[in-house]
There are 2 protein chains.
Amino acid sequence: MDKKNKPLSKNQKIVLDFIQKNKKPVKAYSILSNVKRKGINAPPQVYRALDKLIEIGKIHRVESQNSFVACKVSDCDTPHKTIFSICNSCEIVSEIKDPKLFKQLKDFSDNDGIKFDGYNLEFFGTCKACKNKQPESTQH
Amino acid sequence: MDKKNKPLSKNQKIVLDFIQKNKKPVKAYSILSNVKRKGINAPPQVYRALDKLIEIGKIHRVESQNSFVACKVSDCDTPHKTIFSICNSCEIVSEIKDPKLFKQLKDFSDNDGIKFDGYNLEFFGTCKACKNKQPESTQH
DNA sequence: TCAAATTATGTTATATTATAACACTACACT
DNA sequence: AGTGTAGTGTTATAATATAACATAATTTGA
C-alpha cells in the first residue's frame, strides 16, 4: 500500500499536525477554530482532510465521541482495525495494542462463516489517574 | 437490576415499539417522523426515550451509524456490552452472540491492570446476502 | 396520607456535527 | 498539450443532539 507514502497535501498536514499535538482526541469544529489562522476557513476543508487521514491510517475516528485521534500504532497499516480504551471521567482515549486480542478480532468470523474487513472496539471505564483522584465512595 | 422490570412510560413504549418493528437500525429523526401521529412532537421526546431504553438495555446505539437497534440478546442485562456486525453494503446490523469473545472482552484488562465497565465492538464487512448479489469483480 | 423527591412530558430554541454543490487550481501522466 | 485525478475554497444547508424552562404524573417514605 503506497498511499501511505504519498506526501500529504497542505490542509492534510495542517490538520494532522494539530491532531498530533493533542493528547486527547479533538473534535472537527475544534480543529477548525484552531487552524483558522492557517488558512482553513470552512468545515468541508477539515472534513476532507480528516477523511483522507483516516483512509491512510494516520488518524482514527473515536465513534462514541465524534472525535479524532492520531494513530499511535506504528504498524497500523489499515484503517478500521482499532481498539481504544476510553475513560468515562477524563475522556482520555488510548489506543490498545494487544497482539492476542488483535489476532482474535482479525480472525473472527460469524455464524455464516463471514470474515470481516475491519472492526472498531471501544472499551469504557475509569483510567488509573481518575481512579486515584476519586475515592470509590465519590464515584457517581 | 430491577430497572429492567419497571414498566415503560408512554413515550418509551412508542419509541421501543417502532424500533422493534424494524429489522434495520433506525435513526432518531426517522423515529420522530414515524411516531408523530402518536403524539410525539419534538426531538427531545425521542432522545429522552432513547436514553432510557439504552440505559435499561432494551436497545443499543450503533455508534458508527448514529442509529438505534433493539437488543436481540435475551440475557443482555447491561448496556454497553455490545458486539455487532455491520454490512457495508446493505447496512444491516446483527448483534453477535459469541460466548468466547464475550468472555474475553468482559475479562480484558489493559497494561495498567484496569478492567473496563463496558465495551462496544463493531465489525464491518459484507454480509452473505450482499456477497451473493455482487460477483467479486463488481465490488467497489 | 400527604409532602417531597423523582421521573416523565411538552415545547421552543439552539448547539453540534457533517455534507451537498459548484467553481476553480495543482499536479501527474502518457 | 491534453486529460484525469486529487485538492482547494466557498456558500448554503442537512442531519444529529441538547439546553432550558414549564408542567404533570408517579413513587416513596415519614
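When reading the values below, keep in mind they use all heavy atoms of this one structure, side chains included, and skip hydrogens, waters and symmetry mates. Note on naming: letters A, B, ... go to the chains in the order of the sequence lines (proteins, then strands), and numbering restarts at 1 for each one.
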One thing to verify: whether A/K21 and A/D17 come together as a salt bridge, which I'm taking to mean a side-chain N less than 4.0 angstrom from a carboxylate O.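 So A/D17 does not pair with A/K21 through a salt bridge.
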Residues B/E95, B/K97: salt bridge by 4.0 Å N-O rule: no
Residue mapping more 5' on DNA chain C - nearest nucleotide basis, B/N66 or B/Q12: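 Counting from the 5' end, the first nearest nucleotide belongs to B/Q12.
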How close or far is atom [atom2] of [N] from atom [atom1] of [X], stated in whole angstroms?
X: B/E63; N: D/dT16; atom1: CD; atom2: P; result: 14 Å
X: A/K10; N: C/dT25; atom1: NZ; atom2: P; result: 14 Å
X: B/K52; N: D/dA25; atom1: NZ; atom2: P; result: 19 Å
X: A/Q45; N: D/dT10; atom1: CD; atom2: P; result: 6 Å
X: B/L32; N: D/dA17; atom1: CG; atom2: P; result: 13 Å
X: B/Y47; N: D/dA20; atom1: OH; atom2: P; result: 18 Å
X: A/I14; N: D/dG9; atom1: CD1; atom2: C1'; result: 13 Å
X: A/K27; N: D/dA17; atom1: NZ; atom2: P; result: 11 Å

Counting only side-chain N and O atoms of B/S9, is one of them less than 4.0 Å from OP1 or OP2 of C/dT7? no
Any B/K6 side-chain N or O less than 4.0 Å from OP1/OP2 of C/dA8: yes
Tell whether A/R61 reaches the base of C/dT17 with its side chain through a donor-acceptor pair below 3.5 angstrom. no
Look at the rings of A/Y119 and A/F102 and say which category their plane angle falls in: under 30° parallel, 30 to 60° tilted, over 60° perpendicular. perpendicular
Would you sort out whether B/F108 and A/F123 count as a ring-ring contact (aromatic ring centres under 6.0 Å, His included), showing the intermediate values? CA-CA 9 Å; B/F108 183 79; A/F123 284 105; 4.8 Å; yes
In terms of side-chain heavy atoms of [X], which of [options] is nearest?
X: B/N11; options: D/dG9, C/dT9, D/dT11; value: C/dT9
X: B/P44; options: D/dT18, C/dT19, C/dT9; value: D/dT18
X: A/A28; options: D/dG9, D/dT11, C/dA18; value: C/dA18

For a quick check under 3.5 Å, do A/S64 and A/E122 share a side-chain donor-acceptor pair by atom type?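 A pair is found: one side chain offers a donor N or O, the other an acceptor, under 3.5 Å apart.
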Face-to-face stacking of A/Y29 with C/dT17, centres under 5.5 angstrom, angle under 30°: yes
